[in-house]
Amino acid sequence: AIYCFKKEKKSNLKRILPFRRPSSLCSLMGIKEWGFALAFDPKLQLMAIGTKSGAIKIYGAPGVEFTGLHKDATAVTQILFLPGRGCLLSVLDDNTIHRWELVAESTREVGGVKKEGVVSLREVDSYSLPGRPGIESSSATRATVLLLLKSCDLLCVGTEGGGVYVLELPRLSLKENQTLLQDHVTQSLPDDYRCGKSLGPVESLQEHPQQAGKILIGYSRGLVVLWDLSSRHADQLFLGKQQLESLVWERSGNLFVSSHNDGGYSVWAVTNGNIYNHQPVSSTIPYGPFPCKAITKILWRTTQLSGGMPRASYGDRHCLTIQQDKEHVTLDFTSRVIDFFTVHNMDNDKEFDDPSALVVLLEEELVVIDLLTPGWPSLPTPYLAPLHSSAITCSCHVTNVSTKLWERLINAGKAQQSRRHTHRKWPICGGKSLAPPPRQQELLLTGHEDGTVRFWDASGVALTPLYKLSTANVFHTDCDPIDDPHDPCDDPDMQQQEEEEEWPPFRKVGCFDPYSDDPRLGIQKISLCKYSNKLVVAGTAGQVIVLGLNDERSDHLVDVSVMDLLQDREGFTWKGHDRLEPRLKPAPFLPGFQPLVLLQCLPPASVTAVALHAEWNLVAFGTSHGFGLFDYHRRNAVLARCTLHPNDSLAMEGPLSRVKSLKKSLRQSFRRIRKSRVSGKKRAVITTTSKANAALAEQEEVAPVQRRIEPRSADDSLSGVVRCFCFADTFLRDGTHHGPTLWAGTNSGSVYAYALEVPGVDSGRTCERGGASESSMCVEAVLGKEIQLMHRAPVVSICVLDGRGKPLPDPYEASQDLSIAPDMTNAHSVLIASEEQLKVFSLPKVSAKTKFKLTAHEGCRVRKVALVLFSSAVQEDYSEHTLVCLTNMGDMHLFNMPGLRPQVRFDCIRKEDISGIASCVFTKNGQGFYLISPSEYERFSLSAKVLIKPQCSKGASTFLFLLLTSACHNIQLDEAWCKMANRCKW
């Protein structure tokens, strides 16, 4: 027995660069944004979800999914499958009914080879209910509930005005002679029940399980009518007096249950005697006697069911109760229940329903409960896992992950799963994916506000959760799980005892948790080395944690190092949040990534940039105050550089400061005005020679098609923010000797290049050689170059190019022959991308070679930059390195390297979608991800070889589904579907 509480009020380039419009990544997980309706086809084992934006998404076995879009972006309020027919009906918020079918295109010939036609979900018909004569408002015929008869040839539609309309399928034509208006029912009621009151909207329609053509009609006032469609008369009237919410039949058809808004339910007997039934067999308010929340939906699967939560104590909870004999569990969710269904036996010859799973669609996630396993644990979801279980703050993509690292991550994820999870087969198993295994394993890492990093399998269509890393146990927080040694999740006996003592027996279900114990835990930057299994995460309170992968549980104390970036500068006082207090005692860490060292920046400002070079054991980090370099192998601080300008007072307030000075803003505005006037007067008195030189320089620099870009002031607030880093083995001191270097770019257009002395880079680590002195084992950094861009635009990216103009390989790739060795014979160059222009400088002289003024030419600013390797789809051994720029207008600009010649431009993200542009992350093979909502990623491809497009075929004995909005997955239905298709002559 399953029932739900709480009801909301109803409210009316060419071969290698062909851009693919952004297609929806399978993990469209923000149900808050789009989950409005739910349906299930028990014969085809498919689940459909209707969205707020007018989309229908259908899911089956992992990898099986496809999408259809209504012409109007109107919310889908109801969905209904025609079982086993590959067809469904949808009701929109504008009160229109739409019919969808899977339609296969004809075969086509490509390159002399015949290919099967694509199967797609298409809208084939629509219908709008007519208004009642003499009634101006259309609300009377607004659809409230749908019922498809078992014959699948008639659709009953209940309305707000209490009428029931019958539509003929598949044409969606109204059978006017079958229309049942509320007046017809009222005439059959006793005078004492009629009382001149309206029966209210139709709340529920249920067909008799044993007698076709007889339906239960439940009205909001409490009346239930057993109506015979063929004879058009009421067989029995159940005169309920409590406001009705839902109805459900018992399997035999001798009983049915009604749920009500007072948190109770009633069992009614269907008899052949008296037409009027005044009293139910039984009425129960399980959590009474105090007023309770409504039971909005009730299901009866073989056993009895229960009711809603007491309003006074649990009015703010979203619950669903399962009851069987003496077993009673109240599932407590963190978001509103939209709808639910059971996966159960549909054979009428069987005595019992035998439900195997309960599927619950919540506002923020999908939860599936295993009803076959004792204790009713939940099932891990292969899709629709909530990306936003805690708010996403950053992301990182890692391509071509090794099989060993992949398996270790999977094992670590399995070790994390609670005993509340079961490993039974996924119950929604319709269809069969024919897509070949991915060529390589890809990871998407997301950082979250609660201090967690989640690892997602981004290799195929779906984003599948693999492993979750939490950094909270490195620190003391207000809600510390380590302070409570007895975790009930790890002790089933203790958990069962707690549930027995508590009434109602609540159980927290689902992983959506939007609340963070401490906002300082938020992850801001992530960097992973897939070769050394080292991970660096940096947070909001200046914490930088270096982690290593361990397959065993470990209890250890994390080393702590502190670096002061202000370097005792006078006149600066930090006004922001305090640092997080590190744990001073050994803490338990589960298998997976475990912290090795905690580096704390002072002041504890949010980390704005981070870079990891695992081969040199170095990590660079930057904040709004400066940047530092740390050797995590020796626990040694190598470098600390303050980048603050004397007027950078805003940098001392911190990201969590909620107070801004109006006087300060006005003062800064007047200073800018005064400065511009003074500079104007100075320009007026320059000499004639200076005027001529200035005019000549202007003529050379600014072409007629370019926009004039005014230099930014050096004393702008937050000019010291560090934006990017780059480690490179290149020529900095002279053109003969190359060595390790570190490059850092800031918000004020400054670039700092340091030459590093890393012991043992050429001949093994110094620490492994006997007799090495302490001084020789330390990494040293010497400032080699300092570059100031003319317009002081923020530096977005820095990349060093080898003698062939190609980017240098990642750490370990060159030393372990994992990639082509870089050209170290010819001169190197460095690409510096600012918000306004792209520029290549030669090394080691740092003289300009070429540039492209993006802001002057296009009027936009650079937001994201990546060097991507595009491979030809025709010629296997041909590839090009291309610079991809995402601008603040949401478009992509592609440039060749190292000449910076514009290649092609694509519109990708809406310019109004500021958060989507800020969240965009590129892959190395020409794809990208960005957030189209706080809970939803979208995926796009710039590559002709790495395509995200639908591929599907239909053979003589197969019927194939197509994924429209994700990547290339063929989906074939099983043999039972094929037989059914042949019988129906599809």
Side-chain angles (χ1 to χ4, degrees), residues 396-400 527-532 534 536 609-620 629 723-745 751-758 760-762 779 781 784-785 787 795-833 838-846 849-850 865-871 879-885 895-900 922-926:
C396 171
H397 185 273
V398 182
T399 186
N400 200 14
S527 181
L528 173 66
C529 177
K530 60 186 178 183
Y531 302 111
S532 64
K534 291 293 190 297
V536 173
V610 74
L612 170 66
H613 199 295
E615 194 170 6
W616 300 341
N617 292 333
L618 296 176
V619 57
L629 182 64
R723 296 288 295 270
C724 59
F725 288 108
C726 176
F727 283 106
D729 185 357
T730 187
F731 303 90
L732 186 63
R733 293 175 174 172
D734 56 61
T736 306
H737 304 91
H738 63 86
T741 60
L742 170 66
W743 301 71
V751 177
Y752 304 93
Y754 284 84
L756 306 179
E757 292 291 340
V758 182
V761 169
D762 298 325
V779 179
K785 307 287 182 182
I787 306 169
V795 179
V796 177
S797 176
I798 302 173
C799 181
V800 176
L801 310 176
D802 68 2
R804 295 187 294 266
K806 300 181 182 299
L808 297 179
D810 290 337
Y812 287 107
E813 289 187 346
S815 61
Q816 297 185 9
D817 297 328
L818 300 174
S819 66
I820 300 176
D823 182 1
M824 308 300 287
T825 57
N826 298 312
H828 285 195
S829 56
V830 58
L831 167 67
I832 299 177
L838 312 170
K839 200 165 186 176
V840 176
F841 297 87
S842 64
L843 292 177
K845 293 184 178 181
V846 194
K849 293 177 64 177
T850 182
V865 173
L867 278 167
V868 175
L869 181 64
F870 289 107
S871 300
S879 61
E880 291 181 7
H881 277 94
T882 303
L883 181 68
V884 180
C885 294
F895 302 87
N896 78 327
M897 292 297 296
L900 296 182
F922 294 104
T923 72
K924 291 188 175 182
N925 56 10

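- Among residues two or more places apart in sequence or in another chain, the side chain to side chain donor-acceptor pair (under 3.5 Å) test is passed with Ser819 by none.
- Nearest heavy atoms, Pro811 versus Tyr531: O-CD1, 3.4 Å.
- Considering SG of Cys799 and CG of Leu808, their distance stands at 7.0 Å, rounded to 0.5 Å.
- No option in Val751, Val846, Val840, Val800 other than Val800 meets the side chain to side chain contact (heavy atoms under 4.5 Å, CB included) test with Val830.
- Residues Leu732 and Pro844 form no side-chain contact, since every pair of their non-hydrogen atoms from C-beta on lies 4.5 Å or further apart.
- In this structure a side-chain-to-backbone donor-acceptor pair under 3.5 Å is missing from Thr741 to Tyr754.
- Heavy-atom minimum distance, Phe895 versus Thr882: O-CG2, 3.1 Å.
- Note that CZ of Phe727 and CD1 of Ile798 are 12.0 Å apart. Values are rounded to the nearest 0.5 Å.
- Once rounded to the nearest 0.5 Å, the distance linking OG1 of Thr850 with CG of Leu900 reads 5.0 Å.
- Using modelled atom types, no side-chain atom of Asp802 and backbone atom of Pro822 make a donor-acceptor pair closer than 3.5 Å.
- A donor-acceptor pair under 3.5 Å is formed between the side chain of Lys530 and the backbone N or O of Thr399.
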Would Leu838 and Cys885 count as a side-chain contact (heavy atoms from CB on, under 4.5 Å) if you check the C-alpha gap in whole Å, the side-chain angles of each, and the deciding distance to 0.1 Å? CA-CA 10 Å; Leu838 312 170; Cys885 294; 3.9 Å; yes

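- Judged purely by distance below 3.5 Å, without hydrogens or angles, the side chains of Thr730 and His828 pair a donor atom with an acceptor atom.
- For the pair Leu867 and Leu801, the minimum side-chain heavy-atom distance is below 4.5 Å.
- Within the model, atoms CD1 of Ile787 and CZ of Phe841 stand 5.5 Å from one another, a figure rounded to the nearest 0.5 Å.
- Atoms CZ and CE, on Arg804 and Met897 in that order, are 14.0 Å from each other to the nearest 0.5 Å.
- Between Val795 and Arg723, the closest heavy-atom pair is O-CB, 2.9 Å.
- The two residues Phe725 and Val610 come nearest to each other via the heavy atoms CD1-N, 4.0 Å.
- Shortest non-hydrogen contact noted between Gly803 and Asn826 is CA-CB, 3.8 Å.
- In summary, the side chains of Ser532 and Glu615 do not present any donor paired with an acceptor at a separation below 3.5 Å, with no hydrogens or angles considered.
- Among residues at least two apart or in separate chains, salt bridge (charged side-chain N to carboxylate O under 4.0 Å, His left out) pairs with a member in residues 808-819 are Asp810-Lys924.
- Closest of all the heavy-atom pairs between Ala614 and Tyr812 is O-OH, 3.4 Å.
- Annotation: side chain of Leu883 is in contact with side chain of Val865 (closest heavy-atom distance under 4.5 Å).
- With rounding to the nearest 0.5 angstrom, the CG atom of Leu843 is 13.5 Å from the NE2 atom of His738.
- Looking at Lys849 and Ser829, their side chains come closer than 4.5 Å, going by heavy atoms from C-beta outward.
- Classification of Arg733 and Glu757 as a salt-bridged pair holds, one side-chain N sitting under 4.0 Å from a carboxylate O.
- In this structure, the side chain of Lys534 does not engage the main chain of His613 through any donor-acceptor pair within 3.5 Å.
- Annotation for Leu818: atom CG counts as buried by contact number, over 12 foreign heavy atoms lying within 6.0 Å.
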